2 protein chains.
Amino acid sequence: MLDPVSRVRRFNRAVTSAVGALDNSFLGRSRPLGAARVLNAIGHGRSDVAEIRDYLGLDSGLMSRLLRSLEDEGLIETTAREDDARRRMAKLTRAGRREFAAYEALSNAQAEGFLAQHSQREALLAAMDLIASALTRERVTLDEIDPRCEEARYCLGEYYAELGRRFSQGFDVSLSRDPDAKDMRRPRGTFIVAMSDRLPIGCVGLKGSDHGYAEIKRLWVAPAARGLRLGRRLMHAAESAARELGITLLRLDTNSALPEAGQLYRSTGWREIPRFNDDPYPDLFFEKRL
Amino acid sequence: MLDPVSRVRRFNRAVTSAVGALDNSFLGRSRPLGAARVLNAIGHGRSDVAEIRDYLGLDSGLMSRLLRSLEDEGLIETTAREDDARRRMAKLTRAGRREFAAYEALSNAQAEGFLAQHSQREALLAAMDLIASALTRERVTLDEIDPRCEEARYCLGEYYAELGRRFSQGFDVSLSRDPDAKDMRRPRGTFIVAMSDRLPIGCVGLKGSDHGYAEIKRLWVAPAARGLRLGRRLMHAAESAARELGITLLRLDTNSALPEAGQLYRSTGWREIPRFNDDPYPDLFFEKRL
DNA sequence: CATGATATCTGACTTTAGTCAGATATCCGG
DNA sequence: CCGGATATCTGACTAAAGTCAGATATCATG
């Protein structure tokens, strides 16, 4: 009665019968689901018609008709793309923005209503994060971003907080060598964030230097996204970027209180080397020649 | 970017777009979704037509047509109910059972495939249990069952395992006063299990005795179902059953290593009394007059 | 047994989603 | 500028789901 398969199936049943209740914001504004989905995709910043069609899995004929019906309602405008007049871009009109906001408000209200009904908020949210990450694993994208932007700062904040929990002596970022943002931007280095459906769930920094090697810094994976081999993917992306930038030697430091990190490095061609800096936190040092 | 509402909405998006992938067993046998859902409802033991219609939320006309199409395929038979010939009962034919088994096999295979893709199996399953319990909270039923049946034995096994984890000295059921099964069956007592979509998620025993009081025993709530006030509901049901049985005084013992239990008792009209037995595990004793 | 309520069934209808074969306009490489 | 490729649009179609008003049979009750 309690084998894993039954548990997965019970979850499926619960979710399929509740998902309508969880979010039926697509209904409730007397517009067919298809049109509502397209309107929401546009509202969420997708404008390329082919991309929306692909994202929603629609036939081109159907997509065309849905766009037309939204246009007839006065909610969107479509224009040919400047660089390729075969392709079309869609954007919301003022009325469309109002309508989109109404959908968003409905959806938010339903999510709030759901949360308000349940007492174990944090446990529930953590479980939801874990499942959402597992389900969207295939769709995790690795994006190079500026280390000072919101997503990067969020990741770094979580990373520092986790070090604080895991190091017995805590962690004070001001005592560590805080890398200069420009060392983690091209052409000296880069900063890569893993995004799952607009939520940052991991990051890694490649920090250029003038010492004949670059460093891997700030490798972090959100607790809800562990077990998806995301650390490996991030490291792989960072090493590829390093190769592109003509870097031939990589180093990193880590701490034995983070055993999963050490294991990852060892299993991906890094070899342990003696201490190469005077940062107070790390006690393990690695190097990899590209 | 990470407020609770966004997290709930991300989960919704992930689940709605993945639920097809999680279980599309309803497709894949060239039968419309509606008919497949009815067939599966019947296969899962629902036979009353009105009940199925209510469960699946179908219009009576539509339901009638779906039944007819399944009958035409030779998968079900319907008969008038003996006690009320207006109502109809549906049951699977031999061919229907084969077809249902094929759906079950598909669904199991998909659940297995899903599990095989993911490395953090236990964490994922625990998260799924938690969410399924939260979503189906409204539909938890409290059933009186025999304490020796499978569901009861499962609950007791989990209960003992949890005591073993939480008591610093471990827990050996043979050292504790194991109540006689017949003391937890009517008319001396009862055993109540909380079922969520066919999964037992909590239990409580009411044990009759000849000492002028009855005892509450084995109050347990599955970790995935905590925070839903299920303990309270179980206790309430046990007390109601005790009143029905003419019991006027209830006692129970517990351990200070289970603080949430003590808190529950105190907040529901129980008062602490001196030790009333020589069981080695409990160190807290309560009484309630009905 | 007459009467109103109830459960199911039937026929006629609408809406939505989806499919597919072309039509049209534009792009790109030679 | 030509010819094949590409993006979108249009028309004609189907399948599925759902709605609604009655028809029919049965039940409960006085």
Side-chain angles (χ1 to χ4, degrees), chain A residues 16-17 19-20 24-42 46-73 75-91 99 103, chain B residues 16-17 19-21 24-42 46-73 75-91 103:
Chain A
T16 39
S17 72
V19 135
N24 49 30
S25 62
F26 279 117
L27 316 170
R29 293 195 66 78
S30 61
R31 182 173 294 108
L33 179 62
R37 294 212 302 160
V38 171
L39 182 68
N40 277 280
I42 298 170
R46 291 176 203 267
S47 53
D48 189 292
V49 166
E51 184 200 331
I52 297 170
R53 204 174 56 211
D54 189 54
Y55 170 66
L56 298 176
L58 299 173
D59 173 86
S60 72
L62 184 50
M63 178 71 187
S64 179
R65 261 178 274 270
L66 292 174
L67 285 174
R68 205 71 347 92
S69 81
L70 290 171
E71 244 172 356
D72 291 349
E73 280 192 88
L75 302 178
I76 64 166
E77 282 168 347
T78 61
T79 48
R81 242 167 72 164
E82 296 205 349
D83 60 330
D84 183 345
R86 289 170 307 179
R87 300 177 143 242
R88 311 220 91 199
M89 308 289 280
K91 64 179 237 243
E99 193 63 19
Y103 277 113
Chain B
T16 40
S17 70
V19 134
N24 50 29
S25 62
F26 281 116
L27 316 170
R29 292 194 68 76
S30 60
R31 182 172 295 107
L33 178 62
R37 293 211 305 159
V38 171
L39 181 68
N40 277 279
I42 298 169
R46 294 176 201 266
S47 53
D48 189 291
V49 166
E51 183 200 332
I52 297 169
R53 205 175 53 209
D54 189 52
Y55 170 66
L56 298 176
L58 299 173
D59 173 87
S60 72
L62 184 50
M63 179 71 186
S64 180
R65 262 179 273 270
L66 292 173
L67 285 174
R68 205 69 350 94
S69 82
L70 290 170
E71 244 173 356
D72 291 349
E73 280 193 88
L75 302 178
I76 64 167
E77 282 168 345
T78 60
T79 49
R81 244 167 71 163
E82 297 204 348
D83 60 329
D84 182 344
R86 289 170 305 180
R87 300 176 144 242
R88 312 221 90 201
M89 308 288 281
K91 64 178 234 243
Y103 277 113

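A note on names: the letters A, B, ... follow the listed sequences, proteins ahead of strands, and every chain is numbered from 1. Given the structure is predicted, the values throughout are model-derived calculations rather than measurements.
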Closest nucleotide of DNA chain C for B:T78 versus for A:G61: which of these residues is on the 5' side?
B:T78

Euclidean distance, atom CE of residue A:M89 to atom C1' of D:dT8 [Å, nearest integer]
15 Å

So, does the side chain of B:R86 form a donor-acceptor pair with the base of C:dT6 at under 3.5 Å?
yes

Could you grab the distance from atom CZ of B:R46 to atom CG of B:D54, nearest 0.5 Å is fine?
9.5 Å

Do A:R65 and D:dG11 share a donor-acceptor pair, side chain to base, under 3.5 Å?
yes

Using whole Å, report how far CG of B:L58 lies from P of C:dA7.
16 Å

Sugar-phosphate only, base, or nothing, as touched by B:R81 at under 4.0 Å among non-hydrogen atoms
nothing

Rounded distance in Å - CZ (A:R31) to C1' (C:dT15):
16 Å

Rounded to the nearest angstrom, tell me the gap between atom CG in B:D59 and atom P in D:dA16.
18 Å

Just compare C:dT19, D:dT19, C:dT10 and give me whichever is closest to any side-chain atom of B:L62.
D:dT19

Tell me the interatomic distance from A:L67, atom CG, to D:dC9, atom P, rounded to whole angstroms.
6 Å

When the distance from CD of B:E82 to C1' of D:dA25 is rounded to whole Å, what number comes out?
18 Å

Output the single nucleotide from D:dC9, D:dT19, D:dA12 whose closest atom is nearest the side chain of A:R68.
D:dC9

B:T78 backbone acceptor or donor facing B:E71 side chain under 3.5 Å:
yes

Side chains of A:Y55 and A:R37: do they bring a donor and an acceptor to under 3.5 Å?
no

So what does B:D84 hit on the nucleic acid, given a heavy-atom distance under 4.0 Å: a base, only sugar-phosphate, or nothing?
sugar-phosphate

Of the options C:dT26, C:dG18, D:dC27, whose atoms approach the side-chain atoms of A:A85 most closely?
C:dT26

Check B:L56 against B:A41 and note the closest heavy-atom contact, atom names and distance.
CD1-CB, 4.5 Å

Rounded to the nearest Å, what distance is computed from the CG atom of residue B:D83 to the P atom of nucleotide C:dT6?
17 Å

Given C:dA17, C:dT10, C:dC20, which nucleotide is nearest the side-chain atoms of A:P32?
C:dA17

Between P of C:dT10 and CG of B:L66, the distance in whole Å
13 Å

Quick note, B:R88 side chain, CB onward, closest among C:dT19, D:dG18, C:dC9 is C:dC9

Taking any heavy-atom pair under 4.0 Å as a contact, classify A:R53: base, sugar-phosphate, or nothing.
sugar-phosphate

In plain terms, say whether B:R81 and B:D48 are close enough for a salt bridge, that is, a side-chain N and a carboxylate O under 4.0 Å apart.
yes

